[in-house]
Amino acid sequence: MENVTVVTDYRLIIDNLKKDEFQGRPDFGLWEDRNSGKRNRGVLLCDGPVWQEQRRFVLRGLRDFGFGKESMEGMLIHELQELQNTLKNDIGHPVSLAGVFNASVLNSLWHIVTGNRFELTDPTLKNLIKLLIEVIGYCQFEMSVLFKDTSCTYVKLLLFCSNVSNLLITTPALFFYWPVKNGLMGRKMFKSSLKFREDVRLLLQKVIDEHWDTYKEGEARDFVDAYIEQIKATNSDSSSFYSEEGSNTFLILWSYCKTVASLAETTSTTLQWAALYSLTFPECRRRFKMKLTMSLDDLDLQAEEINPAVLNEVHRMCSLIPVSVYHKAVQDSEIGGYFIPKNSVVFFSIYDAHHDAGYWGDPNSFRPERFLDKSETKLIRHEPLIPFSSGKRQCLGETLARDTLFLFFAGLLQTFTFEIDPVSSNNDLKGTPSFISAPKPFKVILKERK
Ligand code: HEM
């Protein structure tokens, strides 16, 4: 059993997320497997100098090929229009929103990384999304079986820090008992997961081969080209970009792309929450009306008219990644007067920061106006709102995720009216227990807005 600390006080969370001593990620055998035989690859699950070098590179790459660029806004608008056209086929029928947004969100990331997009009807894309949903669904199923009683605080705590991998990381011995090896469910999940990996691997190998064949010195077209450029410019074998015959391009991008696929899920699931909250609280829809008169071309992603208060409140209520990603203490340290031994796993509970009654007053009420000043025109910043975490590990995709959420949410409300399908109504706003907290299944009926 590893030493595990769960930090629930928002002040301690924000202060300690800034500190170097908590920027590690725990060692865990399965990650070596995930990273094709080497633990420290990519960004998300990596630490030390490799993480610093890769994080810097990814930040620059995302800026050069995505964030804040007109081309990115154009690309997001294109994805939104494609999605609107696809959804028009479902008008009048009950539609589940689970999986509806994934393809469009994945496409925007895929475009930044590879310079290309899939048609939404492309079977490769559909297959990838199907497998991704399956894998995540199985993790959620496992958790709901393990933790049925969510009433007591202790179980709640475990619930939030106990998706399958969290459990395994804090209690490695469980790996040998966990149904991955023995149970029917586990075998099925394992098969889906392997199939997912193999499909992504084949797809990526093709993309990278094409980039090596067509790459032109000094003319990086996308993130993969920028990576190739960096490898070519690296002579020192102490750099994580150093590679023999460029073979690292594949392995590192492989880690990135698996991460990208999972990250598309975060934005898509937040969109589902936004739809569910706006249906459950019609007041929320009224607040969005102020910009529904705008045409799509006028939709400035940074504009004040796109009232972010509603989405901020959705982020707070759903706390999509309830306990952030596991951090590790890289040296003996201290949090709030408690000794934290080196190598402890530390969870910073985003859920608790978002539901601190002392700060928020009524944390369980959905009140977007708490993010607006008295005149309801200016946005108020609340320090404990940290859906993308905080400090040195803060989410690298925050800008893209926020832009995608505003644009897609506004664009869909502009084109359609949504009603909850009475047959499959879901008044339960509690998320499913997992690494990503998703709403329980619900369906909507779409009508075209005149
Ligand atoms: C609503 C959508 C999203 C939410 C709520 C979210 C939230 C988070 C959180 C809580 C972390 C953990 C930070 C920590 O360790 O303390 C994280 C890390 C990360 N996110 Fe996101 N994320 C979202 C979308 C995305 C997207 C679309 C991308 C892709 C560009 C992305 C890229 C990353 C990366 C690379 C990290 C690892 C950072 C590091 O370890 O240095 N995220 N995100």
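Values reported hereafter were calculated over all heavy atoms of this structure, with side chains retained and with hydrogens, waters and symmetry mates removed.
Closest approach of Y277 and M317 over heavy atoms only: OH-CB, 3.3 Å. Across all their heavy atoms, F408 and S104 have their closest contact at CE2-CB, 3.5 Å. When all heavy atoms of L396 and L62 are compared, the closest pair comes out as O-CD1, 3.8 Å. Of all heavy-atom pairs spanning G411 and L80, the tightest one is CA-CD2, 3.7 Å. Shown here for S349 and V6, the closest heavy-atom pair between the two residues is CB-CG1, 4.4 Å. Residues S319 and S437 come closest through the heavy atom pair O-CB, 4.2 Å.
Using bins of under 30°, 30° to 60° and over 60° for the plane-to-plane angle, the ring pair F223/Y227 lands in the tilted bin. Taking the six-membered ring for Trp and thresholds of 30 and 60 degrees, F347 and Y326 have ring planes inclined between 30 and 60 degrees apart.
Counting only N and O atoms by type, the side chains of Q394 and S389 include no donor and acceptor under 3.5 Å apart. For the residue pair T114/N116, the side-chain donor-acceptor check at 3.5 Å is not satisfied. Side chains of H382 and N312: no donor on one and acceptor on the other come within 3.5 Å. Between the side chains of E79 and S108, not a single donor N or O lies within less than 3.5 Å of an accepting N or O.
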Please step through salt bridge (Lys or Arg N to Asp or Glu O under 4.0 Å) for the pair E313 and R367, ending with a clear verdict.
CA-CA 7 Å; E313 185 67 342; R367 274 199 317 110; over 6 Å; no

Could you walk me through whether E210 and Q205 pass side-chain contact (heavy atoms from CB on, under 4.5 Å), step by step?
CA-CA 9 Å; E210 280 164 11; Q205 185 66 68; over 6 Å; no

Is there a side-chain contact (heavy atoms from CB on, under 4.5 Å) between I380 and L372 once you walk through the steps?
CA-CA 5 Å; I380 295 175; L372 293 170; 5.8 Å; no

Between W110 and V207, is a side-chain contact (heavy atoms from CB on, under 4.5 Å) present by the stated rule, with each step listed?
CA-CA 11 Å; W110 194 252; V207 170; 4.0 Å; yes

Given L320 and T266, is the side-chain contact (heavy atoms from CB on, under 4.5 Å) satisfied, shown in steps?
CA-CA 7 Å; L320 189 82; T266 51; 3.7 Å; yes

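Checking D47, V325, L17 one by one against R393, the side-chain contact (heavy atoms from CB on, under 4.5 Å) holds for a single residue, D47. Of the options I14, V7, L12, T8, a side-chain contact (heavy atoms from CB on, under 4.5 Å) to Y10 is made by I14 and by none of the others.
Side chain of E53 to backbone of S240: a donor-acceptor contact under 3.5 angstrom is found. At least one donor-acceptor pair under 3.5 Å links the side chain of H355 to the backbone N or O of Y351. The backbone N or O of K378 lies less than 3.5 Å from a partner atom in the side chain of D373, making a donor-acceptor pair. Looking at R370, its side chain does come within 3.5 Å of a backbone N or O of D362 through a donor-acceptor pair. Judged purely by atom type and a 3.5 angstrom limit, S390 has no side-chain atom pairing as donor or acceptor with the backbone of I386. D222 places a side-chain N or O within 3.5 Å of a backbone atom of D225 that can act as its donor or acceptor partner. Under the 3.5 Å distance criterion, the side-chain polar atoms of S239 are matched with a main-chain donor or acceptor of F241. Between the S236 side chain and the S238 main chain, a donor and an acceptor come within less than 3.5 Å of each other. The backbone N or O of G337 lies less than 3.5 Å from a partner atom in the side chain of E334, making a donor-acceptor pair.
Residues L125 and L106 are in side-chain contact: their nearest non-hydrogen atoms beyond the backbone lie under 4.5 Å apart. For the pair V346 and I335, the minimum side-chain heavy-atom distance is below 4.5 Å. Between R221 and F65 the shortest side-chain heavy-atom distance does not fall below 4.5 Å. Inter-residue side-chain proximity for F406 and L311 is flagged as met; some heavy-atom pair is nearer than 4.5 Å. W51 has its side chain within reach of Q23: a pair of non-hydrogen atoms, C-beta onward, lies under 4.5 Å apart. At a threshold of 4.5 Å between non-hydrogen side-chain atoms, the residues T5 and V345 do not count as touching. Here the side chains of T267 and F101 are not in contact, with every heavy-atom distance at 4.5 Å or above. I112 places a side-chain heavy atom less than 4.5 Å from the side chain of L400.
For K392, the salt bridge (Lys or Arg N to Asp or Glu O under 4.0 Å) test picks out D20, with sequence neighbours left out. Partners of F22 by ring pair (Phe, Tyr, Trp, His ring centres under 6.0 Å), not counting sequence neighbours: none found. Not counting sequence neighbours, H78 has no partner by the ring pair (Phe, Tyr, Trp, His ring centres under 6.0 Å) test.
Summarising the geometry, atom CG belonging to N16 is positioned 10.0 Å from atom CZ belonging to R11; distances are rounded to the nearest 0.5 Å. The distance from the CD1 atom of I208 to the CD1 atom of I228 is 7.5 Å, given to the nearest 0.5 Å. Atom-to-atom distance recorded for D213:CG and D209:CG is 6.5 Å, nearest 0.5 angstrom. Distance check, rounded to the nearest 0.5 Å: CD of E265 to OG1 of T270 gives 9.5 Å.
In this structure, H315 has its ring center closer than 6.0 angstrom to the ring center of F388.
Relative to the ring axis of W360, R316 places its NZ or CZ within 45° and under 6.0 Å from the centre.
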